[in-house]
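Not measured: the values here are computed from a predicted model. Hydrogens, waters and symmetry mates are skipped; everything else that's a heavy atom, side chains included, is used. Each chain gets a letter, A, B and so on, in the order the sequences are listed, and its residues count up from 1.
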Amino acid sequence: MEQLLKKSVVQAIKELYGADVKEETVQIQLTRKDFEGDLTVVVFPFLRFAKKSPEQTADDLGQFLSRNLSDIAKYNVVKGFLNLVISNAHWIDGLNKAYSDSNYGITAQTDDSKLVMVEYSSPNTNKPLHMGHIRNNLLGHSISEILKANGNQVVKTNIVNDRGIHICKSMYAWMKEGKGETPESSGKKGDHLVGEYYVKFDRMYKAEVAGLMENGVPKEEAEQSAPSIIGAREMLRKWEQDDPEIRGLWETMNQWVYAGFDETYKKLGVGFDKIYYESDTYKVGRDEVMRGLNEGVFEKHDDGSVWANLEPEGLDRKILLRSDGTSVYMTQDIGTAKLRYEDYSIDKMVYVVGNEQNYHFQVLSILLDKLGYEWGKDLYHFSYGMVELPQGKMKSREGTVVDADDLVEEMIKVARETSEELGKLDEYDEESKREIHRMIALGALKYFILKVDPKKTMMFNPLESIDFNGNTGPFIQYTYARIQSVLRKAKDQGLRRDVAQTGLQLREKEIELLKRLNAFPAIVKEAGTNYSPALIANYCYELVKEYNQFYHDITILGEPDEAVRNFRLVLTETTGNVIQRGFALLGIECPERM
RNA sequence: GCUCCCUUAGCUCAACCGGAUAGAGCAACGGCCUUCUAAGCCGUAGGUUGUGGGUUCGAGUCCCGCAGGGAGUACCA
């Protein structure tokens, strides 16, 4: 409709004023609620062609459009805004299409679909996942679903940062103080256990540095010469030299962590098509760096470290290999990228990584370009904002984190309590109840995170917890459950549904709802081009708010006129389908009752 | 120091690449369950969009200055 309208406006300007305007300059927006109408044309841009007042110009256009477009029932002019009222038949026709199309709003993949690889999660294997990782995982999963819904082929990938100084720190502390503790012996989840040793390392290290400083060693020297950091570095060096003992311990501890991560991923409902391990890719990266060095792209310092000089690009120098020959983060990212492009014919590479790494990706892109990869500059860093606590940023080492597993458990507990208080599920067995509580808890958590603009820093206050009323996931799930309840009752009464008649008189709430439903495909597209699950979340909220008003004001099953009742049932079912489809794009499930 | 980002109601967030009188939820107060699920619906109150300029028919949105907050700039990842 909007496309058609734009074309007609262009035509109108030509016929009325003899000027050529581009379709892009035609501004169509939804009419504000305070005015009568559905769509509004902004006429200010055309005044210079019309050489008339805004009101007069709008009126000219209004007359032209209602003559030429049958779906325009009437129009009115307020200042420079032309408000168009679209016919009911048009909206009902749109509803019927949505109702009959089991993929309404979704663009199917085809043979020449683009292949998009989405990297997300990418955890370090030295500590458990926290709230920040949850945001990353949920965004990555949702973005993947949204890209699929826009006709792309998507490969979800995870680069596990399983090697490096960080894991050596946990290993060092475990060797020193672990006394052979394992997940089995302690009953602790593997990632949590390893994380504890990471924290222990930090305490050990800080104590050593403090001790050295008390003995008059300067701070910087103390930080470099503390026994624990030297020990950890030594382990990293041995690891890169394939020392069997170190490799054995490393493998054991990593397995503990993977088992823990798998559990958390499963709970969150996220997954991957292809997993890369830094322990495999860093060598490829190291080879690439050496190649760059030989080709004169990088430079070697006297101490043996290898650097990229990015000063010509207006940036700094960046280290690529340490003086002891070990790799840094950047080294492996180069290798990982190369491997991926060898493994897949990638049209677009998306990195879901926090905005604290903006600089890193700027550099990565330049380095790959320097190494001769033409796709280097096409990497897209989906840069999302941090999750902050009232005390500020989360820090794993200092233990100021909201643990992912704890948070999910807490949410389930609250969901169960709320549910039991309301008592609507009393006649169900424990198993079904647990399943519904889980859906609601995750719905609340996921929606809470995904409804905010990914680019923005967001605040989470653990003390206030996450709401289940108002603009929340459970509110939207509740509406879905309510809809299913109506549909079940309709079925019990033997009511059949069929496409609605277009000639019906409609109530205002019904038209509002129809308009919302009509907008869904455009929202899915917009969410795709903007990489924004938040647009889907906010849309679902507005749709559901609209539906609840309709539900409250207007009877469905009690309507005596069969055609009208049928229309309302179609409207109800379609709303339910759109909610479910929209929520699926967010990775949120909808319970049939709650 | 240098670079980038942020600042909207008491709190958490919206505002469709510059459009009409800046919207929701939470918290507060008041109404609505004999009727399709009250995790709902309706209403009241709450704002000089951090601040000062500029650009134009029109600025929360674009440009410049200032204040406050954050991130990056490591032989950390």
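- Taking atom P on both nucleotides, rC6(B) is separated from rC42(B) by 34 Å, rounded to a whole Å.
- For Arg593(A), the side-chain atoms get nearest to rU37(B) when compared with the rest of rA77(B), rU37(B), rC41(B).
- By the 5.5 angstrom centroid cut-off and the 30-degree plane limit, Phe44(A) is classified as not stacked against the base of rG58(B).
- Note: Tyr380(A) and Phe382(A) have perpendicular aromatic rings, judged against thresholds of 30 and 60 degrees for the angle between ring planes.
- At whole-Å resolution of the value, NZ in Lys451(A) and P in rA15(B) are 12 Å apart.
- Distances shown here put every side-chain N or O of Lys127(A) at or beyond 4.0 Å from the OP1 or OP2 atom of rA77(B).
- Pairing for rG65(B) goes to rU51(B), judged as Watson-Crick or G-U wobble with the two contacts each under 3.5 Å.
- Looking at Tyr120(A) and Asn158(A), their side chains never bring a donor and an acceptor atom within 3.5 Å of each other.
- Between Phe35(A) and rA20(B), a base-stacking contact is recorded: ring centres under 5.5 Å apart, planes less than 30° from parallel.
- When the P atom is used for both rC16(B) and rG60(B), the distance is 12 Å, rounded to whole Å.
- For Lys395(A) and rG70(B), the NZ to P distance is 11 Å, given to the nearest whole Å.
- Of the two residues near RNA chain B, Lys393(A) and Thr418(A), the one whose nearest nucleotide lies more 5' is Thr418(A).
- Taking the C1' atom of each, rC11(B) and rG58(B) are spaced 32 Å apart, rounded to whole Å.
- Summarising the geometry, the separation between NE2 on His360(A) and P on rC5(B) is reported as 20 Å, rounded to the nearest angstrom.
- Taking 3.5 Å as the limit, the base of rA20(B) and the side chain of Thr40(A) contain a donor-acceptor pair of atoms between them.
- Tyr198(A) and His166(A) have their aromatic ring centers separated by at least 6.0 angstrom.
- The interatomic distance linking Asn158(A) (CG) with rA77(B) (P) rounds to 18 Å, in whole Å.
- Of all nucleotides listed (rC13(B), rU21(B), rU37(B)), rC13(B) comes nearest to the side chain of Val452(A).
- Counting to the nearest Å, the C1' atom of rC13(B) and the CG atom of Leu535(A) are 14 Å from each other.
- Between the side chains of Tyr277(A) and Gln332(A), no donor-acceptor pair is found at a separation under 3.5 Å.
- The side chain of Val78(A) lies closest to rA20(B) when the candidates are rA20(B), rA77(B), rG40(B).
- Gln477(A) comes within 4.0 angstrom of no nucleic acid atom, judged by non-hydrogen atoms across all strands.
- Base-pair partner of rG30(B): rC42(B) (Watson-Crick or G-U wobble, both distances under 3.5 Å).
- Taking the six-membered ring wherever Trp is involved, the centroid distance between the rings of Tyr282(A) and Trp239(A) falls below 6.0 Å.
- Between the CG atom of Asn461(A) and the C1' atom of rC26(B) there is a distance of 12 Å, given to the nearest Å.
- Where stacking is scored as ring centres under 5.5 Å apart with planes under 30°, Phe81(A) does not register as stacked on the base of rG19(B).
- No donor-acceptor contact under 3.5 angstrom links the side chains of Thr555(A) and Glu559(A), judged on distance only.
- For the C1' atom pair drawn from rG23(B) and rG70(B), the interatomic distance equals 27 Å after rounding to whole Å.
- Relative orientation of the Tyr447(A) and Phe583(A) rings is tilted, given thresholds of 30° and 60° on the angle between their planes.
- Considering only the side chain of Met459(A), rC13(B) comes nearest among rC13(B), rA71(B), rG40(B).
- When the P atom is compared between rU51(B) and rA38(B), the two are found 44 Å apart, to the nearest whole Å.
- An OP1 or OP2 oxygen of rA77(B) is reached within less than 4.0 angstrom by a side-chain nitrogen or oxygen of Arg322(A).
- Closest to the side chain of Asp453(A), from the set rA77(B), rA14(B), rC36(B), is rA14(B).
- Across all strands shown, rG1(B) pairs with rU73(B); the Watson-Crick or G-U wobble distances both stay below 3.5 Å.
- Base-pair partner of rA22(B): not found among the strands shown (Watson-Crick or G-U wobble, both distances under 3.5 Å).
- Computed from coordinates, the Ile436(A) CD1 to rU37(B) C1' distance equals 13 Å when rounded to whole Å.
- Nearest to the side-chain atoms of Val486(A) among the listed nucleotides rC13(B), rU37(B), rA20(B) stands rU37(B).
- Side-chain atoms of Thr555(A) lie closest to rC36(B) of the nucleotides rC36(B), rA38(B), rC11(B).
- In the set rG19(B), rG72(B), rC41(B), rG19(B) carries the atom at the smallest distance from any side-chain atom of Pro45(A).
- When heavy atoms are screened at a 4.0 angstrom cut-off, Thr326(A) is found touching no nucleic acid atom at all.
- For rC17(B), the O4'-C1' to base torsion is within 90° of 0; the nucleotide is therefore syn.
- Taking the ring centre of Phe550(A) as origin, the terminal cationic atom of Lys509(A) falls outside the region bounded by 6.0 Å and 45° from the ring axis.
- With distances taken from any side-chain atom of Glu464(A) to the nucleotides rU37(B), rC11(B), rG19(B), the minimum falls on rC11(B).
- Under a 4.0 Å N-O distance rule, the pair Glu311(A)/Lys318(A) does not qualify as a salt bridge.
- The pairing partner recorded for rU56(B) is none, the criterion being a Watson-Crick or G-U wobble arrangement whose two distances lie under 3.5 angstrom.
- rC33(B) shows a glycosidic angle within 90° of 0 and is accordingly assigned syn.
- For the pair Lys456(A) NZ and rU7(B) P, the interatomic distance rounds to 5 Å; values are reported in whole Å.
- Closest contact between the side chain of Met458(A) and the listed nucleotides rC13(B), rA20(B), rC36(B) involves rC13(B).
- Distances shown here put a side-chain N or O of Gln549(A) below 4.0 Å from the OP1 or OP2 atom of rC42(B).
- Contact annotation for Leu422(A): base contact, defined as any heavy-atom pair under 4.0 Å involving a base atom.
- The phosphate of rG23(B) has neither OP1 nor OP2 within less than 4.0 Å of any side-chain N or O from Lys33(A).
- The partner of rU35(B), taking Watson-Crick or G-U wobble pairs whose two distances both stay under 3.5 Å, does not exist in any strand shown.
- For the pair Glu592(A) and Asn530(A), both in contact range of RNA chain B, the more 5′-proximal nearest nucleotide belongs to Asn530(A).
- Within the structure, a side-chain polar atom (N or O) of Asn469(A) is placed less than 4.0 Å from OP1 or OP2 of rG40(B).
- Using a 4.0 Å cut-off, no side-chain N or O of Arg32(A) falls inside it from OP1 or OP2 of rA22(B).
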